[in-house]
Amino acid sequence: MAQLWGGRFTKETDRDVYLFNASISFDKRLYRQDIEGSIAHAVMLEKQGILTTEEKDAIVKGLSTIRSRLEDGSLTISDEYEDIHSFVESTLTGMIGDAGKKLHTGRSRNDQVALDMKMYVRGEIIEIEGLLKEFQKILLRIMEENLETYMPGFTHLQKAQPVTLAHHMGAYFEMFVRDRSRLKDIYERMNTCPLGAGALAGTTYPLDRAYSASLLGFESPTRNSMDSVSDRDYVIELLSAMSTIMMHLSRFSEEIIIWNSNEYGFVEIDDAYSTGSSIMPQKKNPDIAELVRGKTGRVYGALMGMLTTMKGLPLAYNKDMQEDKEGTFDAIDTTKECLIMFMQMMDSMKFRKDVMERSAAKGFTNATDAADYLVKRGVPFRDAHGIIGRLVLECIEKGKSIDEMSLEELKSISEVFDADIYEAVSLKTCVEKRLTEGAPGMAVMKKVIAEYKEYLEK
Ligand code: ARG
């Protein structure tokens, strides 16, 4: 048991209490941030005349050595320390002696942990944003290859109107555009430096907080020391943004699972990204998509956990806040892993264009277009809707699609039908005539793709 405190205690901490209280087993993940923050703090203390140059040099050298030794494996973080801050400070003092004991001047673990967590979250925001961008590149490639891959668009999971695979993928591209912009918002809002807030009320040392903030790449120091040490909004915001990302991935997974089913057969998941059954030899299961869908619950759980942890806390720091880490780390790992797995699965997936097109040709996805055909010949839309409804009913009875009906059969339902109806309700026409902004018609899709390209170059 190695603690940074103890002077005012007359007894050793109970072993179980010590273990219950300690966070080293999980906050060791923050060692880089802790060392980087400590180096900045020492450099600032020297600039302000609080540390001598020799002391600062010894501290910076010692901390850098700890970092490189942790990275090359010659030093390991042992669980005998209470938390990562205690480990770094004690190890430093063990290495350089008394100068190490001065590092904590004008600082508290409360502003230190707030800083570490902020730097960690900030870095992860950038990583997750980068992964989303990689995924968008894959989606854009699929879109460009499938501008003329016709497929049914669904509402209520019933075939509705024909779209293209490019258009369908574009919907997910848009979701990830919003996800990325949410992450950027969070980054901008959170990028203020809590270092120098002290335990809660600042400090009497003449710290240059703006200087430490700039050394660590923050926009500015935080403006209220009590808020600085008790703010975990940025954790909640990231958990919320990741929950939305996972919700999007989960919907995407659901579609892939449906598309991969024997009944649909729209896609073929690459062998490297699917799994078999221990008993049924014919099986090829979409386990990755199912796991992504399933893991969404963990990320939502972390968000709910953090919101609940924070809801009753009076200002300023309370130990409850140590609970911000495990759930957040797990949610970050989960989101990143799911993004990587899912995008690789999509990148290697085969789309069965013929099956998609056949499916779009069946199921009356062109019924709206057939109604529009009548409207263009003067029939009021509501009447046209009724006529096509009767036509569909007759088609179902005869087991035919609209374009398989003879002109006589069509005319027996409405005299307005003419030979050009077949061209009007062909899949190609149905899609290519949809040229309103955001529609699947090739001309407008090409414009959107050009915009996406520009967006990805930024
Ligand atoms: N391990 C603590 C945490 O993660 C560090 C801050 C401890 N501060 C304190 N006064 N006990 O929140």
Side-chain angles (χ1 to χ4, degrees), residues 143-144 146-175 251 255 258-259 264 266 351-452:
M143 288 174 74
E144 287 186 279
N146 289 285
L147 283 164
E148 284 179 292
T149 304
Y150 303 124
M151 65 177 291
F154 297 84
T155 61
H156 314 273
L157 212 48
Q158 309 268 320
K159 290 180 195 177
Q161 292 174 342
V163 294
T164 64
L165 180 59
H167 192 244
H168 200 120
M169 291 295 120
Y172 286 97
F173 193 103
E174 287 291 330
M175 293 180 220
R251 294 182 70 180
E255 304 228 57
I258 293 171
W259 291 2
Y264 275 70
F266 283 8
F351 297 97
R352 298 179 59 194
K353 303 184 189 195
D354 52 328
V355 180
M356 289 184 173
E357 192 161 332
R358 236 181 292 131
S359 169
K362 300 276 168 214
F364 308 103
T365 60
N366 54 1
T368 314
D369 297 83
D372 289 343
Y373 170 90
L374 296 176
V375 170
K376 279 175 198 143
R377 276 153 195 76
V379 181
F381 180 77
R382 196 45 62 206
D383 294 339
H385 187 283
I387 294 168
I388 302 301
R390 288 197 295 283
L391 169 60
V392 166
L393 192 61
E394 196 171 317
C395 285
I396 291 171
E397 277 162 14
K398 294 184 166 163
K400 290 180 176 179
S401 58
I402 295 175
D403 52 284
E404 284 166 353
M405 297 286 270
S406 70
L407 194 52
E408 291 78 68
E409 287 173 309
L410 292 173
K411 276 191 180 290
S412 75
I413 289 176
S414 168
E415 268 303 319
V416 183
F417 284 120
D418 229 324
D420 56 353
I421 177 66
Y422 297 105
E423 153 69 14
V425 299
S426 81
L427 265 185
K428 192 172 171 61
T429 311
C430 291
V431 173
E432 300 313 341
K433 286 251 166 88
R434 291 191 143 71
L435 292 170
T436 40
E437 259 175 78
M442 165 110 77
V444 284
M445 274 307 294
K446 277 190 170 161
K447 233 178 90 202
V448 170
I449 284 179
E451 284 170 22
Y452 285 167

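Quick note: residue numbers are just sequence positions, from 1.
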Rounded distance [0.5 Å steps], [atom1] in [X] versus [atom2] in [Y]:
X	Y	atom1	atom2	value
Leu374	Asp369	CG	CG	11.5 Å
Lys362	Ile402	NZ	CD1	11.5 Å
Leu391	Cys395	CG	SG	4.0 Å
Ser401	Phe364	OG	CZ	7.0 Å
Asp403	Tyr422	CG	OH	8.5 Å

Does the pair Val444 and Thr436 meet the rule for a side-chain contact (heavy atoms from CB on, under 4.5 Å), with working shown?
-> CA-CA 7 Å; Val444 284; Thr436 40; over 6 Å; no
Before accepting this row, confirm whether a basic side-chain N of the pair [X]/[Y] lies closer than 4.0 Å to the acidic partner's carboxylate O.
X	Y	result
Asp420	Arg377	yes
Glu451	Lys447	no
Lys428	Glu148	yes
Lys398	Glu404	no
Lys400	Glu394	no

Ignoring hydrogens, what is the shortest heavy-atom contact between [X] and [Y]? Give both atom names and the distance.
X	Y	answer
Ile387	Ser414	CG2-CB, 3.8 Å
Tyr264	Trp259	CB-O, 3.8 Å
Ala424	Cys430	O-SG, 4.1 Å
Pro162	Pro440	O-CG, 4.4 Å

Using a 4.5 Å cut-off on heavy atoms from C-beta on, say whether the side chain of Leu147 contacts that of Ile449.
->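 Result yes, sub-4.5 Å side-chain heavy-atom pair found.
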With the side chain counted from C-beta on, respond yes when Arg251 and Tyr172 share a heavy-atom pair under 4.5 Å apart, and no when they do not.
->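 Result yes, sub-4.5 Å side-chain heavy-atom pair found.
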Hey, can you tell me if Tyr373 and Phe417 have their rings parallel, tilted or perpendicular (30° and 60° cut-offs)?
-> parallel
For Lys433, does the NZ atom sit with more than 12 other heavy atoms under 6.0 Å from it, leaving out its own atoms?
->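 No.
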What's the verdict on side-chain contact (heavy atoms from CB on, under 4.5 Å) for Thr365 and Leu427, showing C-alpha distance, side-chain angles and the deciding distance?
-> CA-CA 9 Å; Thr365 60; Leu427 265 185; 4.3 Å; yes
Step-by-step salt bridge (Lys or Arg N to Asp or Glu O under 4.0 Å) determination, Lys376 to Asp372 = CA-CA 6 Å; Lys376 279 175 198 143; Asp372 289 343; 5.7 Å; no
Got a donor-acceptor contact below 3.5 angstrom from the Asn366 side chain to the Val425 backbone?
->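 Yes.
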Glu409 backbone acceptor or donor facing Ser412 side chain under 3.5 Å =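 Judged by distance alone, yes, a pair lies under 3.5 Å.
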After noting the C-alpha distance and the side-chain angles of Met143 and His167, does the key distance pass the side-chain contact (heavy atoms from CB on, under 4.5 Å) rule?
-> CA-CA 7 Å; Met143 288 174 74; His167 192 244; over 6 Å; no
Which of these passes side-chain contact (heavy atoms from CB on, under 4.5 Å) with Asn146: Met356, Lys353, Met445, Met169?
-> Lys353
How would you list, by chain and number, every residue that makes a ring pair (Phe, Tyr, Trp, His ring centres under 6.0 Å) with Tyr452, sequence neighbours excluded?
->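 With neighbours one apart ignored, the set is Phe173.
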Consider only side-chain N and O atoms of Glu432 and Tyr150, and report whether a donor and an acceptor are under 3.5 Å apart.
->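 A pair is found: one side chain offers a donor N or O, the other an acceptor, under 3.5 Å apart.
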With side-chain contact (heavy atoms from CB on, under 4.5 Å) as the test, would you mind laying out the steps for Ser359 and Lys159 before giving the verdict?
-> CA-CA 9 Å; Ser359 169; Lys159 290 180 195 177; 3.2 Å; yes
